[in-house]
Amino acid sequence: MARYNHRDIEKKWQEIWETKETFKTSEDHSKPKFYALVEFPYPSGDGLHVGHPRPYTALDVVARKRRMEGYNVLFPMGWDAFGLPAENYAIQTKIHPSVVTERNVARFKEQMQSLGFSFDWSREVNTTDPNYFKWTQWIFLKLFEKGLAYKKEMPINWCPRCKIGLANEEVVDDGCERCGHAVETRVKNQWMLKITEYAERLINDLDTVDYIERVKIQQRNWIGRSEGADVIFKIKDTEESLTVFTTRPDTLFGATYMVISPEHPVLETLQDRIENVLAVKAYQEEARKKSEFERAELNHDKTGVKIDGLVAINPVNNEEITIWVSDYVLMSYGTGAIMAVPGHDQRDWEFAKTFGLPIIEVVSGGDVTEAAYTQTETGTMVNSGFLNDLDVDSAKEKITTWLREQGLGTPKINYKLRDWVFSRQRYWGEPIPLVHCETCGWVAIPEEELPLRLPEVVNYEPTDTGESPLAKIRDWVETTCPTCGGPAERETDTMPQWAGSSWYFLRYTDPHNDEALASKEHLDYWMPVDWYNGGMEHTTLHLLYSRFWHKFLYDIGVVPSPEPYQKRTSHGMILGENNEKMSKSRGNVVNPDDVVAEYGADTVRMYEMFIGDFEKSVPWSTDGVRGCKRFLDRVWKLKDSVKPGDTYTEALEAKIHQTIKKVSHDYESLKFNTAIAALMTLLNDVNQVGTINEAEMKTFLMLLNPVSPHLTEELWEKLGFEGMLNEQSWPSFDEEKTIAQTIAIGVQVNGKVRGDVTVNLDDSQDVAREKVMANENIQRAIAGKTIVKEIYVPGRIYNIVVK
RNA sequence: GCCGGGGUGGCGGAAUGGCAGACGCUACGGACUUAAAAUCCGUUGGGCUAAGCGCCCGUGAGGGUUCGAGUCCCUCCCCCGGCACCA
């Protein structure tokens, strides 16, 4: 028989699938649905590397299995095509980003198709397509309408040499990614989205979804919910007060001074009373000049200035305490002011030591003259007036009640999560569909005018002022106000790349709809996504942003579920053969095209799944690829030894049932490597037996099909089996038949293995003992000793304890 | 510093508290061949060994629980990822 020719076979089946629309998603909404989603890529100029197919293959395996299980499967692919590389390329070459994008998309698509993924290509979406971003803009307008979009002064990263605003990921070691010049901070008025309004729901609803635990934990940490109280400290001889947020109101008696952030407004409002205004202003100026990088540096030596003329009153004991200004207090969290409890807070303790401020112990257990005592989850209150001798929990309860009664404080929850900076000073993004009118302020453009397209430009260079390149296109910028008809100017900032990816999974359900982002009928049927796999690098931002948009769309009645993704899993990275991250500069990039050409798509797919633990990073190995090719060669040869037979033979029956069970389970639980190992083991067993019959071969091909679909289809056809393999029903197993009736078990003496015996599963302990005692090695091991105890676990172990 | 995840052969990695190292790779030996590649067969954690069986050691380190621990508990070390003055 002819040898395994992967080129011809793969070409043949890819054409058949395309012609027959084999993987086209059905519009039959009476069938149970399964929506499998993988993150759509940014189509870069470099094409795919072998890391890309890992998640695609994984969910392709699941999607193919689901189809065989009778589901209507939606498994789509698209392009997250706005973004910086195409724009930077345009600046250099003057080629329009859309031209480059189109070229890159074509290449990506060809590469993906050569791997035989069962995507429904008729549902392809592209975030840069006006018919797509029309709805991105529409969602933004809804957010604006509901007051969830607002403008605010926010710092951007600015490279003075390139005269360009940089995204955080373009800042490398505090310098510009392109020229290396030090990055400065510039303040710009930017569009913000109020994701913080959804913080509580974004945390709570994690309990309703099936995400791998590390993803949930990262999301919770990112949102950073903390419970505590706002407490009011009066400022002596004024009507003003300072409100602080604290998670430990029980330590109020230990608050010996206060600290406010350099940006705190009270420095303005009470300026007249401050005796050392110059020193304070100088400190504010110093803090302002520090870059984000400097403030985030590990060097946290405490600096600060005491504010002369302002004195606060500790509400629990009416003691007068000093007020300081220091940059270790952030204006962006809580109230921008803190009560300092140096006895039990590391930062406050360092500050108190630096400036010689009093330190009081209020939770017993440590020595606060030596270090802050922070093991204060439990403990007993001391030096705390009416809280003395209470444990921490009761003290918290008592003080909270007391504060409320006195009108000095209220329970409060704070989040680390900040609102989403939604503006980019860039060309290649969705235009923000708003105009600014002198009389009416910011006004939405009418929905009928969507999509608001990007103007054609010749120069993509940003302006000297940090405005988007769009600002220079005056005939685009200048427009009329939709409300009053007067002169108005368009917003020239564009949306971040996160925008288009925050809802793309909705568009797949109904990608050609002109009336809505997707019809209610399609959304009702397909949402939520049943299984979404993506990289850990998208765990915080993309996942959170898209959950936020989805909840908003749910609130305004557009989508049927409060959460977009029912299940989320994550894959590990594929490294170069040298164990380093794959990159052009390291010269270790493996191009899937080369591997497909030499070994075939089925081999590449199999190796991608066999390479190791799906959730971990792993180096690529060309030798490993060869091993998978050898396996498929052996599978190919199997066709020559297939004998007739429509039931499993006794020799293989148990093994087949075991393999169906293991493979079915492992494909569902990200253990593709062990599923393939089980198939390899089965093949080794078949080769031991010497023959395989038709029933066994069919099952084997069905189990292998999701991983290596071309070869298995070809063999199915060659062997004259009925229909197409992808139309078969997933094989089932009989639990009872997975259990072999005779089994070799280990025999231990005092926990050490001294031999093994073959027993029947239903042997009583007496029968088993007889076999054990007949074993020479065991006899030798227990000779002259007294048997104290015998443990028999059927099918597992026989352990004899001797003295 | 805090929060996760890990540490098992030469390598990638397997192991519901029950024979550690499945499966694959590499390496070595053999068959086939004029020869090589490919393929097939065998060996492949370390050590001891009378070469027969067998014995000892071994899952980052040290303790513990258990008839039995890679797996559970305690202490510690190291690596990877995320966050980082968040009150």
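We name chains A, B, ... by the order of the sequence lines, and we start the count at 1 in each one. The basis for the numbers below is simple: all heavy atoms, side chains too, and nothing from hydrogens, waters or symmetry mates.
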Rounded to the nearest angstrom, tell me the gap between atom CD1 in A:I797 and atom C1' in B:rG18.
-> 5 Å
Protein-nucleotide distance (A:R796, atom CZ; B:rU66, atom P), rounded to Å = 23 Å
Taking the side chain of A:S226 as its heavy atoms from C-beta onward, which of B:rC23, B:rA87, B:rG18 lies nearest to it?
-> B:rA87
Using whole Å, report how far CG of A:L682 lies from P of B:rA22.
-> 18 Å
So what does A:G224 hit on the nucleic acid, given a heavy-atom distance under 4.0 Å: a base, only sugar-phosphate, or nothing?
-> nothing
Base, sugar-phosphate alone, or nothing: which one does A:S617 contact when heavy atoms must sit under 4.0 Å apart?
-> sugar-phosphate
Steps toward side chain to side chain donor-acceptor pair (under 3.5 Å) verdict (A:T374, A:Q346) = CA-CA 7 Å; A:T374 55; A:Q346 188 59 37; 5.7 Å; no
I'd like a table of atom pairs between the protein and nucleotides 78-81 of chain B - only N or O on both sides, under 3.5 Å - with the distance next to each one.
none

Between A:R630 and B:rC25, is there a side-chain N or O to OP1/OP2 distance below 4.0 Å?
-> yes
Kindly point out which of B:rA22, B:rC55, B:rC53 is positioned nearest to the side chain of A:R754?
-> B:rC55
Please report, rounded to the nearest Å, how far the P atom of B:rC55 is from the CD atom of A:E776.
-> 13 Å
Name the nucleic acid region contacted by A:K302, choosing base, sugar-phosphate or nothing; use a 4.0 angstrom heavy-atom cut-off, strictly under.
-> base
Selection from B:rA14, B:rC23, B:rG18 that lies nearest to any side-chain heavy atom of A:N673 | B:rA14
Minimum-distance nucleotide (side-chain atoms of A:D613 versus B:rG13, B:rC67, B:rA15) = B:rG13
Distance-only, no hydrogens or angles: does the A:N314 side chain make a donor-acceptor pair with backbone N or O of A:L252 under 3.5 Å?
-> yes
With a non-hydrogen cut-off below 4.0 angstrom, is A:N750 in contact with a base, only sugar-phosphate, or nothing?
-> nothing
Checking all strands, does A:I611 fall into the base, sugar-phosphate, or nothing category for heavy-atom contacts under 4.0 angstrom?
-> sugar-phosphate
Which nucleotide in the list B:rC23, B:rA87, B:rG18 gets nearest to the side chain of A:Q748?
-> B:rG18
With a 4.0 Å cut-off on heavy atoms, is A:S332 in touch with a base, just the backbone sugar-phosphate, or nothing at all?
-> nothing
Mind checking A:V793 for me? I need base, sugar-phosphate or nothing, with any heavy atom below 4.0 Å counting as a touch.
-> base
Report the distance from atom CG of A:N687 to atom P of B:rC23, rounded to the nearest whole Å.
-> 13 Å
Side-chain atoms of A:A744 come closest, of B:rC19, B:rU26, B:rC83, to B:rC19
Determine: side-chain N/O of A:T539 to OP1/OP2 of B:rG82, distance under 4.0 Å, yes or no.
-> no
Record whether the side chain of A:N799 comes under 3.5 Å of the base of B:rC67 through a donor-acceptor pair of N or O atoms.
-> yes
Within less than 4.0 Å of OP1 or OP2 of B:rA38, is there a side-chain N or O belonging to A:R3?
-> no
Specify the separation, in whole Å, of atom OH of A:Y4 and atom C1' of B:rA38.
-> 16 Å
Under-4.0 Å side-chain N/O to phosphate OP1/OP2 contact, A:K216 with B:rC3 = no
Would you indicate what A:A678 reaches in the nucleic acid, counting non-hydrogen atoms under 4.0 angstrom: base, sugar-phosphate, or nothing?
-> nothing
Checking B:rC40, B:rC23, B:rA20 against the side chain of A:V753 (C-beta onward), the nearest is B:rA20
Heavy atoms under 4.0 Å, any strand shown: does A:I217 hit a base, just sugar-phosphate, or nothing?
-> sugar-phosphate
For A:F245 and B:rA87, what is the distance between atoms CZ and P respectively, to the nearest whole Å?
-> 7 Å
Short side-chain N/O contact to B:rC2 OP1/OP2 from A:R220, under 4.0 Å | no
In whole angstrom, what separates A:R225's CZ from B:rC2's P?
-> 23 Å
Any side-chain N or O of A:K671 under 4.0 Å from OP1/OP2 of B:rA15?
-> yes
Syn/anti state for B:rG63 [syn: chi within 90° of 0] | anti
Taking the six-membered ring of A:F355 (Phe, Tyr or Trp), confirm whether the NZ or CZ of A:K302 is under 6.0 Å from its centre and within 45° of its axis.
-> no
Report yes or no: does A:D666 contribute a side-chain atom to a donor-acceptor pair with the main-chain N or O of A:F672 at less than 3.5 Å?
-> no
From B:rG13, B:rC3, B:rA14, nucleotide with atom closest to A:V618 side chain = B:rG13
Given the C1' atoms of B:rG24 and B:rG9, what is the spacing between them in whole Å?
-> 14 Å
Dot-bracket assigned to RNA chain B with the 3.5 Å Watson-Crick/G-U criterion, [ ] for crossing and | for other-strand pairs, is (((((((..(((.....[....))).(((((.......))))).((((.....))))..(((((..]....))))))))))))....
B:rG24 phosphate, OP1 or OP2, under 4.0 Å from A:N684 side-chain N/O | yes
